[in-house]
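By convention in this document, chain letters (A, B, ...) are assigned in the order of the sequence lines, proteins followed by strands, and residues within each chain are numbered from 1. These numbers come from the heavy atoms of this one structure, side chains and all, not from hydrogens, waters or symmetry mates. Everything quoted here is computed from the prediction, not taken from an experiment.
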There are 2 protein chains.
Amino acid sequence: MSQRNTAVPPQLKTLDDAQLMIEQGFCPIPPREILDRIAGKWAIQIVVSTAHGPMRFTELERLIEGISRRMLTLTLRNLERDGLLERTVHPTVPPKVEYQATPMALELYEAMLTLTNWSRKHSACVAASRERYDARQTADV
Amino acid sequence: MSQRNTAVPPQLKTLDDAQLMIEQGFCPIPPREILDRIAGKWAIQIVVSTAHGPMRFTELERLIEGISRRMLTLTLRNLERDGLLERTVHPTVPPKVEYQATPMALELYEAMLTLTNWSRKHSACVAASRERYDARQTADV
DNA sequence: CTGTATCCGATCTGATACTG
DNA sequence: CAGTATCAGATCGGATACAG
């Protein structure tokens with residue numbers, strides 16, 4: 001038996017890389033904790049909004065349409081906890097708190113761009129597929 | 001005023017591309033419908049499992065650890081609806097139904113690899129950040 | 001200005017039982 | 001084999017009111 005290759009490819013680029021990874025017993029998809037962060041209704045928007053400079057609480061609240069104060073706070077706390085956001089408190093009156101995306105968060109944002117590209121390329125196709133599917137379902141009834 | 005450039009970059013690669021996109025009034029992140037698909041607890045696993053050939057319902061049920069029959073059905077239906085899975089019914093006794101990822105789904109899987117790379121690169125850092133944060137919180141109380 | 005606390009409805013998921 | 005139906009628990013997100 002040949003010696004097992006314990007080194008995993010440092011960068012996965014193709015489905016073959018992923019398959020190789022699977023055969024080596026590694027998971028080819030991001031762990032749940034990361035997917036949850038990405039999936040949260042507001043997290044990525046906050047990363048985007050703080051990517052180009054520090055943003056204050058109220059600025060974010062105004063910028064991100066539809067977000068409630070509660071969810072803004074919760075999402076900011078979660079992002080800070082994960083090291084995706086740096087929170088700076090200026091001890092002034094009135095208080096001033098600024099949030100800024102960390103380098104790690106910027107890399108995440110950049111990684112998400114491939115997903116954005118996929119969406120832009122295929123969203124029409126997905127929408128069409130949904131319509132066909134739904135039409136079939138209502139027709140069956 | 002210069003004429004507005006209505007053409008969007010076909011492929012976003014850098015944060016500058018994203019910034020340009022924002023200035024043109026486009027959203028730099030995937031739409032909610034796509035994020036939801038990605039975030040679902042089982043969807044991506046099913047895409048991965050059906051990426052290399054047709055899989056039967058029961059095969060998937062055995063392969064994907066922890067999934068309930070109900071969630072398998074629901075997730076398969078959603079993926080089929082979005083055009084990410086092709087469902088083939090063989091009218092035999094007993095019934096045989098096969099699912100296979102579509103080319104579009106394979107591209108999605110491939111796009112997810114950048115996210116997987118990010119996770120592999122930063123997951124230790126995220127975990128450490130969480131521990132620090134939680135330690136601070138319990139210390140404050 | 002920057003949050004917290006509480007409540008509530010909607011959605012997601014799992015367990016279990018049943019079916020063509 | 002490949003589902004469907006029903007119920008219940010957990011989680012998510014929004015509305016509102018309050019506070020340092």
Side-chain angles (χ1 to χ4, degrees), chain A residues 31-46 49-50 54-82 85-100 133 136-138 140-141, chain B residues 29 31-46 49-50 53-82 85-100 133 136-138 140-141:
Chain A
R32 191 101 293 276
E33 64 196 68
I34 302 299
L35 292 181
D36 284 345
R37 194 61 56 252
I38 289 161
K41 193 168 176 181
W42 306 107
I44 296 297
Q45 281 191 65
I46 289 179
S49 302
T50 58
M55 292 282 286
R56 299 181 63 171
F57 188 89
T58 312
E59 286 182 298
L60 289 170
E61 196 176 11
R62 272 193 293 262
L63 191 64
I64 301 176
E65 201 140 344
I67 195 169
S68 66
R69 191 161 298 182
R70 174 186 137 84
M71 286 314 295
L72 179 55
T73 302
L74 281 177
T75 311
L76 288 171
R77 292 290 173 276
N78 280 329
L79 290 170
E80 185 195 357
R81 187 170 102 102
D82 287 358
L85 231 49
E86 191 183 3
R87 178 173 181 265
T88 311
V89 181
H90 303 272
T92 58
V93 183
K96 177 175 177 180
V97 181
E98 289 183 318
Y99 296 90
Q100 182 157 18
Y133 186 91
R136 274 200 302 276
Q137 298 313 305
T138 54
D140 289 353
V141 178
Chain B
I29 56 176
R32 191 99 296 273
E33 62 194 72
I34 302 300
L35 292 180
D36 284 344
R37 193 60 59 253
I38 288 160
K41 192 167 176 183
W42 307 106
I44 295 298
Q45 280 191 65
I46 290 178
S49 302
T50 57
M55 293 282 286
R56 301 181 62 172
F57 187 89
T58 313
E59 286 182 299
L60 289 170
E61 195 175 10
R62 271 193 294 261
L63 190 63
I64 301 175
E65 202 141 340
I67 195 170
S68 66
R69 190 161 299 181
R70 177 185 137 82
M71 287 314 295
L72 180 55
T73 302
L74 281 177
T75 311
L76 288 172
R77 292 290 174 276
N78 279 330
L79 289 170
E80 186 196 356
R81 187 170 103 102
D82 286 358
L85 231 49
E86 189 182 5
R87 178 172 179 264
T88 311
V89 181
H90 303 272
T92 57
V93 183
K96 178 176 178 180
V97 182
E98 288 184 317
Y99 296 89
Q100 183 158 15
Y133 186 92
R136 275 201 303 275
Q137 298 314 304
T138 55
D140 289 352
V141 178

Of all the heavy-atom pairs spanning B:Met71 and B:Thr75, show the shortest one and how long it is.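 Shortest heavy-atom contact: O-OG1, 2.7 Å.
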How far apart are the closest heavy atoms of A:Leu79 and A:Ala43, and which atoms are they?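 That closest heavy-atom pairing would be CD1-O, 3.8 Å.
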[X] has an atom [atom1]; how far is it from atom [atom2] of [N], in whole Å?
X	N	atom1	atom2	answer
A:Lys96	C:dC1	NZ	C1'	12 Å
A:Glu61	C:dG3	CD	P	11 Å
B:Glu59	D:dC1	CD	P	11 Å
A:Leu85	C:dG3	CG	P	11 Å
B:Leu60	D:dC1	CG	P	13 Å
A:Glu80	C:dG3	CD	C1'	13 Å
B:Leu35	D:dG13	CG	P	12 Å
A:Leu72	D:dA15	CG	C1'	15 Å

Would you tell me if any nitrogen or oxygen in the side chain of B:Tyr99 comes within less than 4.0 Å of OP1 or OP2 on D:dC1?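 Answer is no, no contact under 4.0 Å.
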Short side-chain N/O contact from A:Arg62 to OP1 or OP2 of C:dT2, under 4.0 Å: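 No, because none of the side-chain N or O atoms of A:Arg62 sits under 4.0 Å from OP1 or OP2 of C:dT2.
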B:Gln100 atom CD: more than 12 heavy-atom contacts under 6.0 Å: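 Atom CD in B:Gln100 is packed in, count exceeds 12.
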In a check of side chain to side chain donor-acceptor pair (under 3.5 Å) between A:His90 and each of A:Glu98, A:Lys96, A:Arg56, which one passes?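 Exactly one pass, corresponding to A:Glu98.
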Hey, does A:Ile46 have a side-chain heavy atom less than 4.5 Å from the side chain of A:Leu72?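 A side-chain contact exists here, since the closest heavy-atom pair is under 4.5 Å.
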Measure the shortest side-chain to side-chain distance between B:Ile29 and A:Gln45 over non-hydrogen atoms and say whether it is less than 4.5 angstrom.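 Yes, at least one pair of side-chain atoms sits under 4.5 Å.
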Backbone N or O of B:Ala39 within a donor-acceptor pair of the A:Arg32 side chain at under 3.5 Å?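 Yes; judged by distance alone, with no hydrogens or angles, the pair exists.
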Verify, without hydrogens or angle tests, whether B:Glu61 (side chain) and B:Thr58 (backbone) share a donor-acceptor contact under 3.5 angstrom.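 Side chain of B:Glu61 to backbone of B:Thr58, a donor-acceptor pair under 3.5 Å: no, none is there.
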Please report how far the helix from C:dC1-D:dG20 to C:dG20-D:dC1 bends, comparing the axis fitted to its first five pairs with the axis fitted to its last five, to the nearest 10 degrees.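 That helix has its two terminal axes inclined by roughly 50°.
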Not counting sequence neighbours, which residues clear salt bridge (charged side-chain N to carboxylate O under 4.0 Å, His left out) with B:Glu80? List them please.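 Once residues adjacent in sequence are excluded, B:Glu80 has no partner under the salt bridge (charged side-chain N to carboxylate O under 4.0 Å, His left out) criterion.
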Base versus backbone protein contacts along nucleotides 4-20 of chain C [heavy-atom cut-off under 4.0 Å; B, S, -]: B-B------BBB----B
